[in-house]
Amino acid sequence: NTLIQESEIKKFDLVCIDAEGYDWSILQQINLTELEVKMLIIEYDGVNEQHFIDFCLKHNMHLRNKTVTNLIFTV
């Protein structure tokens with residue numbers, strides 16, 4: 001929240017999170033709707049994929065693709 005509050009940018013077309021195991025923790029702190037995120041790419045460990053999907057669905061984002069290590073969501 002501090003990063004967003006201190007930034008002049010309040011809307012993001014793309015958010016990419018790759019934080020070596022802290023991805024889920026970071027994602028939960030971001031209001032994707034408020035920031036009008038259009039695409040999210042997030043690293044995941046292949047476990048608890050549904051947590052990411054459920055969270056993003058609450059922000060009207062849908063899983064469009066996935067790789068071995070990334071989930072890709074768009075509005």
request  = Provide the full list of salt bridge (charged side-chain N to carboxylate O under 4.0 Å, His left out) pairs with a residue in residues 36-45, sequence neighbours left out, each pair given once.
outcome  = Lys11-Glu36, Asp13-Lys38

Show me the donor-acceptor pairs, under 3.5 Å and distance only, between side chains in residues 67-75 and residues at least two apart or in other chains.
{"unit_1": "Thr67", "atom_1": "OG1", "unit_2": "Thr69", "atom_2": "N", "d": "3.3"}
{"unit_1": "Thr67", "atom_1": "OG1", "unit_2": "Asn70", "atom_2": "N", "d": "2.9"}
{"unit_1": "Thr74", "atom_1": "OG1", "unit_2": "Arg64", "atom_2": "NE", "d": "2.7"}

task = Applying side-chain hydrogen bond (donor to acceptor under 3.5 Å, both in side chains), name anything that partners Gln28, two or more places apart in sequence or on another chain.
result = none

ask   = Would a 4.5 Å heavy-atom cut-off, applied to side chains only, mark Leu35 and Val15 as touching?
value = no

inquiry  = With a sphere of 6.0 Å drawn around NZ of Lys10, does it hold more than 12 non-hydrogen atoms of other residues, nucleotides or ligands?
reply    = yes

query = Applying salt bridge (charged side-chain N to carboxylate O under 4.0 Å, His left out), which residue pairs with at least one partner in residues 16-26 are found, sequence neighbours left out?
reply = none

message = Between Cys56 and Leu63, is there a side-chain heavy-atom distance shorter than 4.5 Å?
response = no

inquiry  = Tell me whether the count of non-hydrogen atoms from other residues, nucleotides or ligands lying under 6.0 Å of CD in Glu34 goes above 12.
reply    = no

message = A side-chain contact here means heavy atoms from C-beta on lying under 4.5 Å apart; do Ile17 and Ile30 qualify?
response = yes

query = Got a sec, which residues hit ring pair (Phe, Tyr, Trp, His ring centres under 6.0 Å) with His51, two or more places apart in sequence or on another chain?
reply = Trp24

ask   = Transitively linked via ILVMFWY side-chain contacts under 4.5 Å: Met39 with Tyr44?
value = no

ask   = If we only count heavy atoms from C-beta on, is the Ile41 to Leu14 side-chain gap below 4.5 Å?
value = yes

message = If the condition is side-chain contact (heavy atoms from CB on, under 4.5 Å), which residues does Leu57 pass it with, not counting sequence neighbours?
response = Ile53, His62

query = Would a 4.5 Å heavy-atom cut-off, applied to side chains only, mark His59 and Val37 as touching?
reply = no

request  = Examine Val47 and Ile26 and state if one hydrophobic cluster contains both, with Ile, Leu, Val, Met, Phe, Trp and Tyr joined whenever side-chain heavy atoms are less than 4.5 Å apart.
outcome  = no

message = Return the CD1 to CG distance between Ile42 and Leu27, rounded to the nearest 0.5 Å.
response = 4.5 Å

